[in-house]
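Residue numbers begin at 1 in each chain, while the letters A, B, ... track the order of the sequences. Worth saying up front: this structure is predicted, and the values here are computed from it rather than measured.
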There are 2 protein chains.
Amino acid sequence: MMRQPLPPAELDRNRHAAPQVFERLRDAIISLALAPGTVLSRAALAQQYGVSQTPVRDALMILAEEGLVDIFPQHATKVSQINLLAARQAHFLRRALEIEIVRTLAEAPDPALIQDLQALVDEQRRALEVNDLARLSALDQAFHQRQYVEAGVMELWVLQRRHSGHIDRLRHLHLPLLGKAATILDDHQRIVDAIASGRGEAAETHLRRHLSGTLARIEDLCQRFPDYVRR
Amino acid sequence: MMRQPLPPAELDRNRHAAPQVFERLRDAIISLALAPGTVLSRAALAQQYGVSQTPVRDALMILAEEGLVDIFPQHATKVSQINLLAARQAHFLRRALEIEIVRTLAEAPDPALIQDLQALVDEQRRALEVNDLARLSALDQAFHQRQYVEAGVMELWVLQRRHSGHIDRLRHLHLPLLGKAATILDDHQRIVDAIASGRGEAAETHLRRHLSGTLARIEDLCQRFPDYVRR
DNA sequence: TGGCTCTGATGTGCTAGTATTTTAGCGGCG
DNA sequence: CGCCGCTAAAATACTAGCACATCAGAGCCA
């Protein structure tokens, strides 16, 4: 029997079991606490969380749809290798969505939106000054999410997040994010300004450069950590 | 006990049951054979297909993720109302993806791609001449899918299809597609020409007009069939 | 008559357990 | 020595069934 590196804390019996198992497994996989290739025994997981196999099975089925685990029928379920093709497609998805979003928003800039985005950029600036990376990351998410909401496509934000598992795992291989933070902030500021002044093309240009940074890091990481990555 | 308007044919015992149940239910929902609001009893469906409740449950869970059924915890599972917001977001998703695709393809047009697309357009023209609507529809799908494949994002084609359930149901409310077929063909031809000559902006323009036709029909249908639509 | 409470029926979420399928590993044969 | 087939272990897909949550509707009260 293998040791399980997962948090052993018990589930909340007042909530449904399956979503909780899903969340825990997803966090563990994305943080690489469960390394690619790890076999996920349904029976073992069920015992570990103190539930039967059905909620575990439900969780694993959802994870399989996101591509975070591979289910080999009648045989085994394993944490998937990081898939470069899947990561590229997830990045394509995000790029396509956010370009269309900034173009839409720039057509009729809403002052309330601009105010919110500017506030988020300013807060990011303060977080950078005190080197609070966790807060910086959260604010970055909020900055982009705010635009989905304004465009009336919040479900597409959720969709995009649900398909970013491979990218998120790559991000966890790449701790020294700090050097790029100033550049990211500049990009954000330029995007806000372009939307505010109704320059859709300019917003698209800045967004493309902003996201291309992520893509470059992806390709780089895949070369430096070939064990985790399936080519 | 209500009558079930589903095909009673038995399942293939050599394939897994859950995916078959899923496919049948999805087809029935999208074709509106199962009207929005219909209660889907797990026990009844299990009996109907000659399987136990688990594969039915699996199928219903996937359908719920696509938004085609609503699961009310501990109470009931129903075919969802057609959701205009979801349809708009699915349309936004498709528009964003295909615009980014044609722009990418126009940057470095591949002769083999152009040849395939042109062949598909020509075949559509022939199908239109003999009023073969089913074939026209299939060729339309193939035309767009071919571009996803060329851009290396076939999984995003699948993703886009999986989220088009609400739109597909609206399409089934709207039989007289024939009037627009010639316009659709013209759009396709212009998109091919624009990609072939490397004019990304032009391709985007034609694609936008092409897709805006669909969106206009969506809004129209929602007004004409208010019973099925949740606003 | 209108609104609140309680009860019963219904159905989901989960538990327990069976059966079929897959694959690793071993032994024999060419 | 290498390839093929057999065997057995293990995991998934499925079957059967229970328990608690939810809601419709009857009955009671104001």
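Separating the CD atom of A:Q47 from the C1' atom of C:dG17 is a distance of 16 Å, rounded to the nearest angstrom. Separating the CD atom of A:Q53 from the P atom of D:dA13 is a distance of 12 Å, rounded to the nearest angstrom. A straight line from CZ of A:F72 to P of D:dA10 spans 19 Å, rounded to a whole angstrom. The CZ atom of B:R15 sits 16 Å away from the C1' atom of D:dC14 (whole-angstrom rounding).
Listed candidates were D:dC14, D:dT12, C:dC14. Nearest to the side chain of A:I71 is D:dT12. Nearest to the side chain of A:V51, among C:dT15, C:dT12, D:dC14, sits C:dT15.
Considering CZ of B:R146 and CG of B:L113, their distance stands at 5.0 Å, rounded to 0.5 Å. The structure places CG of A:L45 at 10.5 Å from CZ of A:R42, a figure rounded to the nearest 0.5 Å.
Using bins of under 30°, 30° to 60° and over 60° for the plane-to-plane angle, the ring pair A:H210/A:H144 lands in the parallel bin.
For a distance-only test at 3.5 Å, the side chain of B:R57 fails to qualify as a donor-acceptor partner of the base of C:dG11.
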Could you pull out the protein-nucleic contacts involving nucleotides 18-22 of chain C (nitrogen or oxygen on both sides, under 3.5 Å)?
residue : atom : partner : partner atom : Å
C:dT21  : O2   : A:Q74   : O            : 3.4

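Here A:A17 lies in heavy-atom contact (under 4.0 Å) with sugar-phosphate atoms only. A:A18 comes within 4.0 angstrom of the backbone, heavy atoms only, and of no base.
The phosphate of D:dC14 (OP1 or OP2) has no side-chain N or O of B:T54 nearer than 4.0 angstrom. Taking side-chain N and O atoms only, B:T77 has a distance below 4.0 Å to OP1 or OP2 of C:dT12.
Under the ring-ring contact (aromatic ring centres under 6.0 Å, His included) criterion, B:Y148 pairs with B:W157, sequence neighbours left out. Legend: residues meeting ring-ring contact (aromatic ring centres under 6.0 Å, His included) with A:H91, ordered by chain and number and at least two apart, are absent.
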Side chain to side chain contact (heavy atoms under 4.5 Å, CB included) assessment of A:R161 paired with A:D168: CA-CA 9 Å; A:R161 292 305 306 156; A:D168 290 341; 3.2 Å; yes
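The only member of A:S164, A:S80, A:S31 that meets side chain to side chain donor-acceptor pair (under 3.5 Å) when paired with A:R169 is A:S80.
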